[in-house]
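As a basis for the values below, the full set of heavy atoms in this structure was taken, side chains included, without hydrogen atoms, waters or symmetry mates. Whatever order the structure lists ligands and atoms in, that order sets their numbers, starting from 1.
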Amino acid sequence: MSAIDLHARASATFAQKLAETQAVLTQAAQDYAPLTPGAAPRITLACSLGAEDMVLVHLVNSLQLNIGIFVLETGQLHPETLTLLERLKASSRAPVDVFTPVNEAVVQFVSREGKDAMYKSIALRKACCQIRKMEPLSRALAGKEAWITGLRREQSGARAEVPLIDRSEPRVKLNPLADWTWGDVWHYIANNQVDYNPLHDQFYPSIGCAPCTRAISLGEDFRAGRWWWEDEAAKECGLHVKSSPLPEKLSS
Ligand code: SF4
């Protein structure tokens, strides 16, 4: 049974939510349009290649918005995710920029701490995320005044308060799917034939790096398959933790 068969169930207010999401994205493209002809837009879409982000990419492309897309290729993604990335680069109307970690930093970290460092302690796991995700993220967001994410309130307790537009940090963060349900996401994917990661058909709702993601069982929490060996409280990589110690005090 596919993820579409399992999950595609629109909520009663789906049409209203979709209209609001389209309006937020359209307004954002206007608000953060390039200041001079030929310059890059001042907003970017963070695409993890998960279901929510593939919906946002589809919306940006179908609305023909001047919003670029970026992907963090950590060097630890599943083969299925890398194949989806190649399909995305080939099919997206909006440009897709891929950011990779600094190779020397990865080589030094792995030779010092080992390939499985992320399982040894939370500190080492976060150090790996810093090198492979956070530093590339700071480059992806450099010069941008706003960014778009696929965060949804339903995803975890830590995300229950996610606002549609978050102006609490210097860089504005837009979460146009904040009130979408998992059923809404899959309803949109089914209705619009959105390309998606086949790992979703193998009970991976939340997909990250291969060493740090596993399938979940029926009844398990949405993010139970991420860093499953850690306490719930530690389960964010830093991308969406407020006041993380990043350059420029990024909201990430
Ligand atoms: S999710 Fe795991 S493999 Fe990926 S950067 Fe973080 S610790 Fe490293």
Side-chain angles (χ1 to χ4, degrees), residues 44-54 69-86 88 96-142 147 149-152 155-159 162 173 196-200 202-216 220-247 250-252:
T44 183
L45 166 59
C47 177
S48 68
L49 302 159
E52 291 92 343
D53 296 341
M54 296 308 289
I69 296 161
F70 77 87
V71 173
L72 304 181
E73 206 291 70
T74 63
Q76 293 279 21
L77 300 180
H78 296 84
E80 292 89 342
T81 309
L82 292 172
T83 305
L84 177 59
L85 173 57
E86 289 310 308
L88 174 66
V96 178
D97 292 323
V98 178
F99 289 83
T100 56
V102 175
N103 189 50
E104 198 184 338
V106 171
V107 169
Q108 282 179 6
F109 180 77
V110 171
S111 69
R112 194 173 63 242
E113 309 294 351
K115 270 196 310 197
D116 298 334
M118 67 287 288
Y119 303 127
K120 295 178 185 167
S121 72
I122 290 178
L124 283 176
R125 195 271 284 170
K126 289 190 172 175
C128 183
C129 284
Q130 175 66 34
I131 292 168
R132 293 184 183 274
K133 291 182 171 179
M134 302 303 287
E135 188 281 328
L137 176 70
S138 70
R139 278 183 274 128
L141 295 181
W147 60 313
T149 84
L151 291 184
R152 292 183 304 110
Q155 284 165 337
S156 72
R159 298 181 176 183
V162 165
K173 189 174 184 180
Y196 70 86
N197 194 324
L199 288 173
H200 287 302
Q202 298 169 37
F203 303 103
Y204 286 75
S206 174
I207 302 169
C209 294
C212 300
T213 310
R214 67 162 170 77
I216 65 167
E220 274 195 299
D221 185 69
F222 190 87
R223 282 174 69 80
R226 301 292 292 278
W227 306 296
W228 62 92
W229 63 94
E230 293 182 357
D231 278 353
E232 275 306 310
K235 280 194 183 181
E236 291 286 352
C237 60
L239 263 66
H240 301 295
V241 176
K242 283 195 182 294
S243 302
S244 55
L246 274 174
L250 301 179
S251 163
S252 54

When you measure from atom 2 (Fe) of ligand 1 to the N, O or S atoms of Cys212, does any of those distances fall below 2.8 Å?
yes

Over all heavy atoms of both residues, which pair between Tyr204 and His78 is shortest? Give the atoms and the distance, please.
CE2-NE2, 4.2 Å

Which heavy atom of Thr100 sits nearest a heavy atom of Arg139, and at what distance?
O-NH2, 2.8 Å

Heavy-atom distance under 4.5 Å between the side chains of Gln202 and Leu199, does that happen here?
yes

So that I can tick it off, tell me whether Glu113 and Lys120 are bridged by a salt bridge, with the cut-off set at under 4.0 angstrom between side-chain N and carboxylate O.
no

Using a 4.0 Å heavy-atom threshold (strictly under), name the region of Lys126 that reaches ligand 1: side chain, backbone, both or neither.
neither

So between Ala127, Cys129, Pro211, whose heavy atom ends up nearest atom 5 (S) of ligand 1?
Cys129

Search all heavy atoms of Leu49 against all heavy atoms of Leu84 and return the closest pair with its distance.
O-CD2, 3.5 Å

For Arg125, counting its heavy atoms only, list the atoms of ligand 1 lying under 4.0 Å from any of them.
7 (S)

Using a strict cut-off of 4.0 Å, indicate which atoms of ligand 1 neighbour a heavy atom of Arg132.
5 (S), 8 (Fe)

Search all heavy atoms of Gln130 against all heavy atoms of Pro136 and return the closest pair with its distance.
O-CD, 4.3 Å

Metal proximity, Cys128 vs atom 6 (Fe) of ligand 1, N/O/S cut-off 2.8 Å
no

Could you list which atoms of ligand 1 come closer than 4.0 Å to a heavy atom of Met118?
3 (S), 7 (S)

